Amino acid sequence: MKPVIILMNGAIRLDDHPALARARDTGAPVIPVFILDDASAGAWRLGGARRWWLLKSLSSLQASLRKAGSGLVLRYGDTIECLKALISAADASAVHMTRSYEPEARKVQDAVHDLCKDLGVSARRFSGNLLLEPEQIRNKTGGIYEVFSPFWRRAQELIDDTAPVSAPVQLRAPENWPVSDDLSKLELEPKPAYWAEPIAAFWTPGEEAARERLNDFLKGAVLGYKDMRDYPATDATSRLSPYLANGEISPRRIWHETMIAIGGDKDIERGGNWFLRELGWREFSSHLLYHFPHIPQRALKSKFTAFPWREGHDEKVAAWQKGMTGFPIIDAGMRQLWQTGWMHNRVRMIVASFLVKDMLWHWRTGEDWFWDTLVDADLANNAASWQWVAGCGADAAPYFRIFNPITQGEKFDSRGAYIREYVPELAELPDEYIHKPFEAPAGVLKMAGIKLGETYPKPILDRKAARERALAALATTRQDS
Ligand code: FAD
């Protein structure tokens with residue numbers, strides 16, 4: 001039998017990998033291939049943090065494939081050129097892919113189909129990264145859901161209980177392996193190398209680590225998930241997002257294991273169902289991106305197209321990026337992002353609101369920064385979430401709802417544990433001032449060893465004026481609509 005090429009892009013795992021499992025079931029030799037095609041990704045070439053993760057992820061995949069008696073062929077370059085050469089070198093009969101919902105990747109997958117057609121080779125796309133395909137779900141009038149709650153209600157009726165496919169123990173290898181590029185040719189190493197050291201101390205990429213994380217979460221934190229998921233100082237969420245974004249675990253595996261854990265257990269049911277609902281937001285974002293492929297660039301609500309957001313870069317944007325705004329919860333979040341490649345969801349909402357509303361900066365500036373620095377950077381989730389905060393997306397927070405970084409901090413980090421971890425220069429401040437050092441009396445600051453403007457910045461803006469400016473900007477949009 002001629003070999004089947006499995007394009008591993010988007011699903012860097014062996015578990016619950018329908019494209020791989022189907023090829024294995026035919027009895028044909030399989031050739032797992034990963035192609036890094038930066039040029040075709042266009043503006044959405046993988047950012048720095050995802051590149052670091054991918055490097056580790058591919059080396060973990062190489063090891064798992066070796067254990068299964070197989071290997072991984074790596075290529076750097078244009079997908080079509082690389083595949084053409086590989087199909088010919090391997091005399092392959094088919095190419096299997098895991099379906100992508102991102103606009104650029106979809107174009108590439110269409111081109112793979114055309115190539116295969118020209119070469120007389122079969123090309124098949126398999127699901128694997130969503131619980132429901134975008135074509136499967138429509139609202140009562142046959143349209144696209146743009147509001148989450150009804151989307152999720154309907155989705156739960158449609159998601160079937162098909163069990164995930166377990167990782168193959170053994171894969172049939174081809175008689176001759178096509179030549180592979182060395183992992184180093186993919187240029188995934190961070191530059192400078194020390195940049196990723198703190199991130200590396202925080203994460204273990206790879207599908208084995210993903211399963212461990214899921215199991216640990218389902219044995220512990222899931223119990224308190226619904227109540228505790230908004231508190232950034234606690235380890236109360238799954239932190240599975242980078243594994244999902246990198247395709248190291250499938251949503252079906254997560255769904256299945258969570259349902260088993262819920263079983264008849266009322267205690268787990270509460271947190272478990274809420275956790276699955278968050279996975280539902282991921283589905284919703286991908287469905288939105290599929291149906292509205294412009295959302296990474298343009299507002300979903302067209303009345304926001306002319307909104308007077310500022311663009312470009314200045315020292316205030318730099319202060320936001322570095323966590324030097326003078327607002328402790330913002331600075332803690334942005335530093336958590338820089339140090340670990342991840343930020344707690346509640347804090348993502350607060351820092352995003354600060355950028356797009358208080359600073360009146362374009363949400364795309366934040367989207368770009370997150371794209372480069374998040375290990376879980378995901379085109380759909382990132383675009384949909386930024387638009388949600390900015391008020392211009394589907395089912396979005398109204399524009400006039402502006403998160404107050406001080407009261408949000410006091411509510412969700414009341415003792416300042418999160419601030420003290422990521423903004424250590426404020427560690428000695430009493431709880432009363434930890435979210436507003438600029439209101440602390442001189443004596444309190446002195447006792448805490450803080451000199452505002454020297455050891456910690458003064459606030460980069462006056463919130464009251466910023467709020468009025470944001471609301472005035474909104475009013476112009478109202479007139480336009
Ligand atoms: P859990 O609470 O354990 O949730 C489980 C899974 O559900 C997550 O891993 C994630 O896949 C999904 N999920 C949870 N919340 C959301 C959400 N609001 N929207 C979509 N999916 C969700 N998430 C990304 O995966 N990539 C991004 O690039 C991204 N950018 C964001 C940008 C902004 C401005 C905001 C406000 C949110 C963004 N999110 C993004 C959503 C969310 O913050 C993360 O998915 C979540 O913090 C990941 O942590 P967790 O795995 O512990 O989540």
Side-chain angles (χ1 to χ4, degrees), residues 44 46-47 49-50 53 102 129-131 148 151-152 202-203 210 213-214 216-218 220-222 224-232 234-251 253-255 257-258 271-289 295-296 320 330 333-334 336-337 340-357 361-397 403 408:
W44 302 108
L46 283 188
R50 279 281 307 270
W53 191 288
E102 299 178 358
N129 283 339
L130 285 182
L131 293 164
F148 175 73
F151 167 86
W152 187 233
F202 199 76
W203 297 101
R213 183 79 207 170
L214 174 63
D216 288 351
F217 174 73
L218 291 176
V222 71
Y225 180 79
K226 189 169 179 196
D227 301 319
M228 298 306 293
R229 58 181 288 274
D230 273 319
Y231 295 87
T234 59
D235 189 9
T237 66
S238 73
R239 299 202 184 185
L240 280 168
S241 51
Y243 300 100
L244 277 161
N246 289 278
E248 294 172 331
I249 192 163
S250 74
R253 171 61 67 192
I254 297 177
W255 176 272
E257 300 300 330
T258 308
N273 281 337
W274 205 261
F275 171 62
L276 292 178
R277 190 175 187 275
E278 292 308 312
L279 211 54
W281 274 100
R282 176 180 179 273
E283 296 280 312
F284 185 55
S285 303
S286 282
H287 286 221
L288 287 173
L289 179 63
I295 60 167
W320 177 81
I330 308 289
M334 298 308 288
Q336 181 182 33
L337 173 60
T340 70
W342 186 88
M343 193 196 305
H344 189 275
N345 180 60
R346 168 60 48 180
V347 191
R348 289 188 205 203
M349 294 193 285
I350 305 170
V351 302
S353 172
F354 189 80
L355 183 77
V356 300
K357 295 181 178 171
W361 222 267
H362 204 295
W363 54 269
R364 275 201 312 257
T365 303
E367 184 194 26
D368 284 348
W369 183 249
F370 273 27
W371 181 255
D372 200 24
T373 52
L374 277 172
V375 285
D376 67 21
D378 172 275
L379 198 59
N381 280 357
N382 200 30
S385 301
W386 273 97
Q387 291 216 30
W388 183 89
V389 176
C392 57
D395 199 7
F403 281 92
Q408 285 282 313

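Note that the structure is a prediction, hence the values are computed from the model and not measured. Remember, it's 1-based here, ligands and their atoms both numbered in the order they're listed. The basis for the numbers below is simple: all heavy atoms, side chains too, and nothing from hydrogens, waters or symmetry mates.
- Per-residue contacts place Ser241 under 4.0 angstrom from the following atoms of ligand 1 (heavy atoms of the residue considered): 9 (O), 25 (O), 48 (C), 49 (O), 51 (O).
- At a heavy-atom cutoff of 4.0 Å, ligand 1 is contacted by the side chain of Leu244 but not by its backbone.
- The shortest contact between atom 13 (N) of ligand 1 and any protein heavy atom is with Glu278 O, 3.4 Å.
- Residue contact check: Arg282 has heavy atoms under 4.0 Å from atoms 11 (O), 20 (C), 21 (N) of ligand 1.
- Those atoms of ligand 1 that come under 4.0 Å of a heavy atom in Trp342, given as number and element, are 48 (C), 49 (O), 52 (O).
- What sits closest to atom 3 (O) of ligand 1 on the protein, heavy atoms only, is Ser238 OG, 2.6 Å.
- When each of Leu374, Leu337, Val389 is checked for a side-chain contact (heavy atoms from CB on, under 4.5 Å) with Arg348, only Leu374 meets the rule.
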*What's the verdict on side-chain hydrogen bond (donor to acceptor under 3.5 Å, both in side chains) for Asn381 and Arg282, showing C-alpha distance, side-chain angles and the deciding distance?*
CA-CA 6 Å; Asn381 280 357; Arg282 176 180 179 273; 5.7 Å; no
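- Here the closest non-hydrogen pair linking Pro251 and Leu279 is O-CD2, 4.0 Å.
- At the shortest separation from atom 25 (O) of ligand 1 among protein heavy atoms lies Asn381 ND2, 3.0 Å.
- Inclusion of Ser285 in the set of residues having an N or O under 3.5 Å from an N or O of ligand 1 is not warranted.
- Annotation for ligand 1: atoms under 4.0 Å from non-hydrogen atoms of Leu279 are 7 (O).
- In terms of protein heavy-atom proximity, atom 29 (C) of ligand 1 is closest to Arg348 NH1, 3.3 Å.
- Protein heavy atom closest to atom 43 (O) of ligand 1, with residue, atom name and distance, is Asn345 OD1, 2.7 Å.
- Residue-level proximity to ligand 1 for Phe370 is carried by the side chain, the only part with a heavy atom below 4.0 angstrom.
- Taking distance alone, with nitrogen or oxygen atoms compared against 3.5 Å, Thr237 approaches ligand 1 more closely than that limit.
- Aromatic ring centres of Phe148 and Trp281 lie closer together than 6.0 Å.
- Those atoms of ligand 1 with a heavy atom of Asp378 less than 4.0 angstrom away are 26 (N), 27 (C), 28 (O).
- Remark: minimum distance from atom 1 (P) of ligand 1 to any protein heavy atom is reached at Tyr225 OH, 3.4 Å.
- Seen from the ring of Trp53, Arg50 does not count as a face-on cation partner, given the 6.0 Å and 45° thresholds.
- Residue-ligand proximity: Ala377 is placed with a non-hydrogen atom under 4.0 Å from ligand 1.
- In this structure a side-chain-to-backbone donor-acceptor pair under 3.5 Å is present from Gln387 to Ile295.
- Regarding atom 33 (C) of ligand 1, its nearest protein heavy-atom neighbour is Ser385 CB, 3.4 Å.
- Of all non-hydrogen atoms in Gln336 and His344, the two that sit nearest each other are OE1-N, 3.2 Å.
- Polar contact with ligand 1: absent for Phe275 (N/O pair, distance under 3.5 Å).
- Distances from ligand 1 to the non-hydrogen atoms of Met349 include at least one value under 4.0 Å.
- For atom 17 (C) of ligand 1, the closest non-hydrogen atom of the protein is Trp281 CB, 3.8 Å.
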